[in-house]
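What follows is a single structure, written as structure tokens, with notes after it.
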Protein chains: 2
Amino acid sequence: MFMSKAAITRLSILQKAFDLIYMKGYQACSIDDILATTELTKGAFFYHFKTKDQMGLAMVNEVMYPGMKKALINPLIAAQDPVEALYHMMEHVLLHAPFFQVQYGCPAVNLIEEMAPLHASFHQALLQLILQWQEAIRTCVKQGVASGKINQDVNPDGVAAFIIAGYSGIRNMGKLVGVSCYHTFLKELKMYLKTLS
Amino acid sequence: MFMSKAAITRLSILQKAFDLIYMKGYQACSIDDILATTELTKGAFFYHFKTKDQMGLAMVNEVMYPGMKKALINPLIAAQDPVEALYHMMEHVLLHAPFFQVQYGCPAVNLIEEMAPLHASFHQALLQLILQWQEAIRTCVKQGVASGKINQDVNPDGVAAFIIAGYSGIRNMGKLVGVSCYHTFLKELKMYLKTLS
DNA sequence: TTGTAAACATACCAACTAGTATGTTTTCTA
DNA sequence: TAGAAAACATACTAGTTGGTATGTTTACAA
């Protein structure tokens with residue numbers, strides 16, 4: 001896949017922005033901060049992006065969305081055992097995602113927390129992210145019900161809400177307590193998932 | 001309880017700060033923003049607080065901590081039925097806490113998300129908050145186990161992590177989806193709590 | 001090779017930030 | 001009631017912010 005030099009520049013800005021925003025927050029991360037980690041200047045930044053917010057939205061759509069799809073959605077598609085797939089998705093993203101650091105939580109959860117109430121455009125973009133994941137979990141549970149591996153009276157919407165909330169929440173708690181709560185959470189998640197079948 | 005005029009001024013700054021920080025975030029909320037909602041000026045602010053951060057910490061300890069203790073901890077102390085107490089605590093804080101607005105989530109969760117990774121002093125103060133709640137939930141579950149109302153093989157640490165994570169997470173999700181997910185979450189929480197007994 | 005538009009760099013600006021220096025008023029005690 | 005300290009108000013600063021105006025370089029087609 002060919003990328004022009006300009007396209008590489010643009011993507012590198014988005015990547016560096018993603019790294020910094022992950023650790024500092026969106027509003028606390030200035031354009032100068034981002035540019036300081038690159039070899040670029042403001043001319044380059046504002047050539048590729050009209051405003052900081054437009055860059056932020058591009059970051060959501062072009063960096064965060066592909067990342068979350070790979071880690072959170074693809075493992076659920078066409079899963080043999082839905083219960084096991086749900087657990088392993090969670091365990092993998094919590095314990096084995098190499099980029100994530102426990103003190104900084106999850107980039108997507110962070111951005112939702114900070115920007116969803118403030119900017120309608122961020123709200124919209126991040127809502128799509130969550131709805132995609134929600135749908136993937138729901139479908140996964142429904143397939144489990146259809147194949148008889150999950151109890152009939154289980155509510156797929158409820159399970160999806162529980163899992164998404166659990167993930168977002170334990171990312172929050174991890175910022176204070178550290179990784180130990182991840183393990184505690186995963187144990188309890190396994191117990192919970194067992195009650196579904 | 002008598003309060004000097006100065007004490008009232010100080011507390012009103014903390015209250016207004018709490019309101020604004022709840023809606024805008026800590027770093028995005030400037031001292032001028034806070035003072036604009038009062039009849040005060042910078043002289044008053046920096047007479048009562050050495051820095052913005054010291055004001056923020058006072059807000060955590062003197063406004064947020066009492067609030068969360070009243071809503072999240074007291075209802076669990078000496079609860080007759082622990083399972084019912086846990087559910088009602090959650091239902092009440094999610095649906096009936098008058099100050100909270102779904103699009104802004106929970107003030108404590110917001111501040112943890114934003115400040116825990118950045119400031120050690122905030123991290124410390126907010127950690128105390130969460131540890132208190134965690135301990136209250138754990139004690140509540142243990143009492144349930146002791147009284148035979150909760151199954152012996154239930155892990156109090158796991159339940160506490162699950163509930164705290166669930167709460168923080170659904171507050172996050174509510175910012176995107178709205179109150180509907182609160183109801184879905186509460187239904188599933190009821191199912192989960194039922195499996196404990 | 002040459003022209004030209006794309007892809008940047010440099011130098012700026014007005015608005016805002018936390019914080020300070022120095023006043024003035026209020027409160028309360030002696 | 002006088003005075004002094006507490007409780008504020010006013011005016012300012014240096015640094016940072018997103019964004020702009022204008023220049024220079026690079027890539028690429030003719």
Side-chain angles (χ1 to χ4, degrees), chain A residues 1-60 62 111 114-115 118-122 125, chain B residues 1-60 62 111 114-115 118-122 125:
Chain A
M1 177 188 176
F2 173 75
M3 286 184 81
S4 69
K5 199 183 171 191
I8 292 177
T9 299
R10 182 191 144 95
L11 193 61
S12 86
I13 291 177
L14 291 178
Q15 296 273 11
K16 295 287 186 180
F18 175 73
D19 293 356
L20 273 187
I21 290 170
Y22 172 50
M23 295 188 292
K24 300 184 55 173
Y26 177 81
Q27 289 165 219
C29 175
S30 74
I31 296 174
D32 288 327
D33 285 339
I34 299 170
L35 294 172
T37 70
T38 68
E39 304 273 294
L40 301 166
T41 60
K42 280 212 168 133
F45 185 94
F46 283 98
Y47 173 79
H48 287 284
F49 308 102
K50 265 195 167 181
T51 65
K52 185 190 177 188
D53 286 350
Q54 191 180 302
M55 183 278 298
L57 290 173
M59 181 197 71
V60 172
E62 301 172 34
L111 206 59
E114 181 184 3
M115 298 305 291
L118 301 180
H119 278 311
S121 45
F122 275 90
Chain B
M1 179 188 175
F2 172 76
M3 286 185 81
S4 71
K5 199 184 171 190
I8 293 177
T9 299
R10 181 192 145 95
L11 193 61
S12 86
I13 291 176
L14 291 179
Q15 295 273 11
K16 295 286 185 181
F18 175 73
D19 294 356
L20 273 186
I21 290 169
Y22 172 50
M23 295 188 290
K24 299 184 55 174
Y26 177 81
Q27 289 165 273
C29 175
S30 74
I31 296 173
D32 288 326
D33 285 339
I34 298 170
L35 294 171
T37 70
T38 69
E39 306 272 293
L40 301 166
T41 60
K42 281 216 167 128
F45 185 94
F46 284 99
Y47 173 78
H48 287 284
F49 308 101
K50 266 194 166 182
T51 64
K52 185 190 177 188
D53 286 350
Q54 191 180 301
M55 184 279 298
L57 290 173
M59 181 197 73
V60 171
E62 300 172 34
L111 206 59
E114 182 184 3
M115 299 305 291
L118 299 181
H119 278 311
S121 44
F122 275 90

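As the structure is a computational prediction, the values presented were derived from the model and not from experiment. Just so we're on the same page: letters track the sequence lines, and every chain starts at 1.
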Between the base of C:dA18 and the side chain of B:Lys42, is one N or O donor paired with an acceptor at under 3.5 angstrom? yes
Under-3.5 Å donor-acceptor pair between A:Lys52 side chain and D:dG19 base: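 In this structure, the two groups form no donor-acceptor pair.
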So what does A:Ser30 touch, heavy atoms closer than 4.0 Å: a base, only the sugar-phosphate, or nothing?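 Contact class for A:Ser30: sugar-phosphate only.
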Just checking B:Glu39: base, sugar-phosphate only, or nothing, at a heavy-atom cut-off of under 4.0 Å? sugar-phosphate
Taking the nucleotide of DNA chain C with the closest heavy atom to each, which residue, B:Phe45 or B:Ser4, is nearer the 5' end?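 Result of the comparison: B:Phe45.
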Which nucleotide sits closest to the side chain of [X]: [options]?
X	options	value
A:Ala6	D:dA11, D:dA6, C:dA7	C:dA7
B:His48	C:dA7, C:dA9, D:dC8	D:dC8
B:Phe46	C:dT10, D:dG18, C:dT20	C:dT20
B:Thr51	D:dT10, C:dG19, C:dC8	C:dG19
A:Asp32	D:dT17, C:dA7, C:dG19	D:dT17

Length of the [atom1]-[atom2] vector between [X] and [N], whole Å:
X	N	atom1	atom2	result
B:Ile21	C:dA18	CD1	P	10 Å
A:Met3	C:dA7	CE	C1'	15 Å
B:Gln27	D:dT16	CD	P	15 Å
A:Ile34	D:dT17	CD1	C1'	13 Å
A:Tyr47	D:dG18	OH	C1'	21 Å
A:Ile31	C:dA11	CD1	C1'	16 Å
B:Phe49	C:dT20	CZ	P	16 Å

Is there a side-chain contact between [X] and [Y], using heavy atoms and a 4.5 Å cut-off?
X	Y	result
B:His48	B:Met55	no
A:Met59	A:Leu111	yes
A:Tyr26	A:Lys52	yes
B:Lys42	B:Asp32	yes

Should the ring pair A:Tyr22 and A:Phe18 be called parallel, tilted or perpendicular, given that the plane angle runs from 0 to 90° and is split at 30 and 60? parallel
Select from A:Asp33 and A:Gly43 the residue whose nearest nucleotide in DNA chain D is closer to the 5' end of that strand.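 First, find each residue's nearest nucleotide; the 5'-ward one identifies A:Asp33.
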Taking only the side-chain nitrogens and oxygens of A:Thr9, find out if one of them lies under 4.0 Å from OP1 or OP2 of C:dA7. no
